[in-house]
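Notes follow the structure.
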Number of protein chains: 2
Amino acid sequence: MQDKITRVLKAIADPTRREIFHALVVASAAMPITQISGQFQISRQGVTKHLRTLEDAGLIHINSKGRERYCFADAEPLKEVNHWLKFYERFWDDSLNNLGTYLDQPS
Amino acid sequence: MQDKITRVLKAIADPTRREIFHALVVASAAMPITQISGQFQISRQGVTKHLRTLEDAGLIHINSKGRERYCFADAEPLKEVNHWLKFYERFWDDSLNNLGTYLDQPS
DNA sequence: TTAATATGCAACTATATGGTTGCAAATATA
DNA sequence: TATATTTGCAACCATATAGTTGCATATTAA
């Protein structure tokens, strides 16, 4: 399949998935799927698909209990995104650097 | 269209685009499209499409000079991703918190 | 036992995505 | 001027994505 970081980035690249993930994080409690999907306009099945994507990225975990499936957030995979970002940190402040590069073009 | 942060996340969610962006960052010099595409296996047009996506996200800027178009990286939009991540920072360390949540399920 | 609830699976649709190729136009070079 | 180079545009293709609906199944509650 895909790279781990690619899975995580694709997972959080969708606004609805970011909302679902956020809801689970701030809830700080495991929630069954129906309860989660009740907070969104899209169908339960739509939410379920997003949950699977989040699960594949490791951003949530699901645990069955009776007929219900409890989902809870796990922010740990975001560490890797943070690490990826860290390399570029030194570049996003010096806009002057970019400007310099721009001015460095052959004329 | 889309949210700014969504555009940025979608842009970096593709491995080829991350490579292109990285190449431009470390080059720390503006490069014409043909020169960039020479570093990748996919066609020039394929690269051009990725460059447009990166440009829409603000991760590169393009400047025409004669028949050439010079591209250079701009890491600034990554700040917003960093800011989004920052909120979750406090959650990704305490795996115990997640475990607690897990154990908090009704029985 | 019967009814309600929570879920998964499958099929389907529309659109986005990552890639290709062919061709035309603009610019630079011989 | 004739030729080579850099690029954009457009059409096309295969697959992925975000969403839907219908139905079957398992579990819980009346």
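To find a chain, count down the sequence lines: A is the first, B the second, and so on, and within it residues start at 1. Just so it is clear, the values below take in all heavy atoms, side chains as well, and ignore hydrogens, waters and symmetry mates.
Whole-Å rounding puts the A:Arg18 CZ to D:dA18 C1' distance at 15 Å. Taking atom CG of residue A:Asp56 and atom P of nucleotide D:dT17, one finds them 10 Å apart after rounding to whole Å. In this structure, A:Ile36 places its CD1 atom 11 Å from P of C:dG8, rounding to the nearest Å. To the nearest angstrom, P of D:dG8 lies 9 Å from CG of B:Leu51. Atom CD1 in B:Ile33 sits roughly 15 Å away from atom P in C:dT27 (whole-Å rounding). As rounded to whole Å, 16 Å separates atom P of D:dT5 from atom OH of B:Tyr70. Rounded to an integer number of Å, the gap from B:Glu55 CD to D:dT7 P is 13 Å. For the pair A:Leu54 CG and D:dT17 P, the computed distance is 13 Å after rounding to whole Å.
Using a 4.0 Å heavy-atom criterion, one finds that B:Gly66 contacts the sugar-phosphate atoms exclusively. At a threshold of 4.0 angstrom between heavy atoms, the contacts of A:Thr53 with the nucleic acid are absent.
Here D:dC9 is the nucleotide among D:dC9, C:dG19, C:dT7 with the atom lying nearest to any side-chain atom of B:Gln45. Distance from the side chain of B:Lys49 is smallest for C:dT20 among the nucleotides D:dG19, D:dC9, C:dT20. Each of C:dT17, C:dT21, C:dA6 was ranked by its minimum atom distance to the side chain of B:Ser43; first place goes to C:dT21. The side chain of B:Thr16 sits closest to C:dG19 out of C:dT7, C:dG19, D:dA18. If you check C:dG18, C:dG8, C:dT20 against the side chain of B:Ile42, the one that comes closest is C:dT20. Comparing C:dA6, C:dG18, D:dA18 by their closest approach to the side chain of B:Asp14 singles out C:dG18. In this structure, the nucleotide among D:dA18, D:dT27, D:dA4 sitting nearest to the side chain of B:Arg67 is D:dA4.
One side chain, A:His22 or B:Tyr88, offers a donor N or O that lies under 3.5 Å from an acceptor on the other. With 3.5 Å as the limit, one finds no donor-acceptor pair spanning the side chains of A:Arg7 and A:Thr53.
Residues A:Lys10 and B:Gln35 each lie close to DNA chain D; by heavy-atom proximity, the contact nearer the 5' end of the strand is made by B:Gln35. Toward the 5' end of DNA chain D, the nearer of the two residues A:Arg17 and B:Arg52, judged by each one's closest nucleotide, is B:Arg52.
Listed here is the closest heavy atom pair of B:Ile12 and B:Leu78: CG2-CD2, 4.3 Å.
With hydrogens and angles ignored, a donor-acceptor pair closer than 3.5 Å exists between the side chain of A:Arg44 and the base of C:dG8.
Judged by the 6.0 Å distance and 45° axis criteria, A:Arg17 is not positioned over the aromatic ring of A:Phe21.
Salt-bridge annotation for B:Lys86 and B:Glu89: present, with a side-chain N of the basic residue lying under 4.0 Å from a carboxylate O of the acidic one.
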